[in-house]
Amino acid sequence: SILAEFKDRTITQLYCELVSPLNAKCAKCDSIAEYDIDTKVVKCSSCGFEATYDEYIGLMGGRVEDKTWEYVEKERQR
């Protein structure tokens with residue numbers, strides 16, 4: 001059935017398959033990078049950064065966590 005084909009994909013993955021290529025913020029230089037849905041790779045033409053989607057999400061998730069802790073520490077010092 002058609003549902004079986006999509007059952008293991010997230011909404012984000014399904015959306016990404018409809019819109020290709022997607023822009024992403026480069027994890028290295030903050031320029032605009034491209035996410036290629038077919039190869040599942042994020043590439044930045046500005047600095048040469050390249051990572052799989054999973055690696056990219058891990059890097060960006062770490063950056064968000066770092067910024068969160070920076071904010072918490074700033075607020076504690078007030």
Side-chain angles (χ1 to χ4, degrees):
S1 87
I2 226 169
L3 291 176
E5 182 181 341
F6 298 114
K7 74 174 182 142
D8 293 329
R9 296 188 195 152
T10 66
I11 296 295
T12 302
Q13 289 169 327
L14 292 171
Y15 177 77
C16 287
E17 290 177 14
L18 295 172
V19 184
S20 178
L22 295 175
N23 289 337
K25 185 174 189 175
C26 178
K28 186 176 179 182
C29 74
D30 290 337
S31 292
I32 297 174
E34 274 193 3
Y35 170 62
D36 186 314
I37 292 166
D38 296 327
T39 61
K40 295 181 172 74
V41 171
V42 177
K43 291 182 183 180
C44 177
S45 59
S46 294
C47 71
F49 172 82
E50 186 173 327
T52 65
Y53 180 73
D54 289 338
E55 293 168 337
Y56 173 78
I57 292 299
L59 290 169
M60 295 305 281
R63 287 179 65 179
V64 168
E65 187 175 326
D66 290 345
K67 288 190 182 293
T68 301
W69 283 112
E70 286 173 18
Y71 175 78
V72 168
E73 286 301 314
K74 233 184 201 179
E75 289 299 309
R76 283 184 184 166
Q77 293 174 3
R78 284 184 160 191

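The line from CE of Met60 to OH of Tyr53 is 11.0 Å long, rounded to the nearest 0.5 Å. Distance CG/Asp30 to CZ/Arg63: 4.5 Å, rounded to 0.5 Å. Atom CD of Glu34 is separated from atom CG of Leu22 by 9.0 Å, given to the nearest 0.5 angstrom. Note that NZ of Lys28 and OH of Tyr56 are 14.5 Å apart. Values are rounded to the nearest 0.5 Å.
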Taking it one step at a time, do Cys26 and Ser46 satisfy side chain to side chain contact (heavy atoms under 4.5 Å, CB included)? CA-CA 9 Å; Cys26 178; Ser46 294; over 6 Å; no
Do Val41 and Glu50 pass the side chain to side chain contact (heavy atoms under 4.5 Å, CB included) test, and can you show the C-alpha distance, the side-chain angles, and the key distance before you say yes or no? CA-CA 7 Å; Val41 171; Glu50 186 173 327; 3.5 Å; yes
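No continuous path of hydrophobic side-chain contacts links Tyr35 to Ile32 [ILVMFWY only; heavy atoms under 4.5 Å]. Cluster annotation: Phe49 is connected to Ile57 through the hydrophobic network of ILVMFWY side chains, with a link wherever side-chain heavy atoms come within less than 4.5 Å.
Ion pairing between Lys67 and Glu70 fails under the 4.0 Å rule for side-chain N and carboxylate O.
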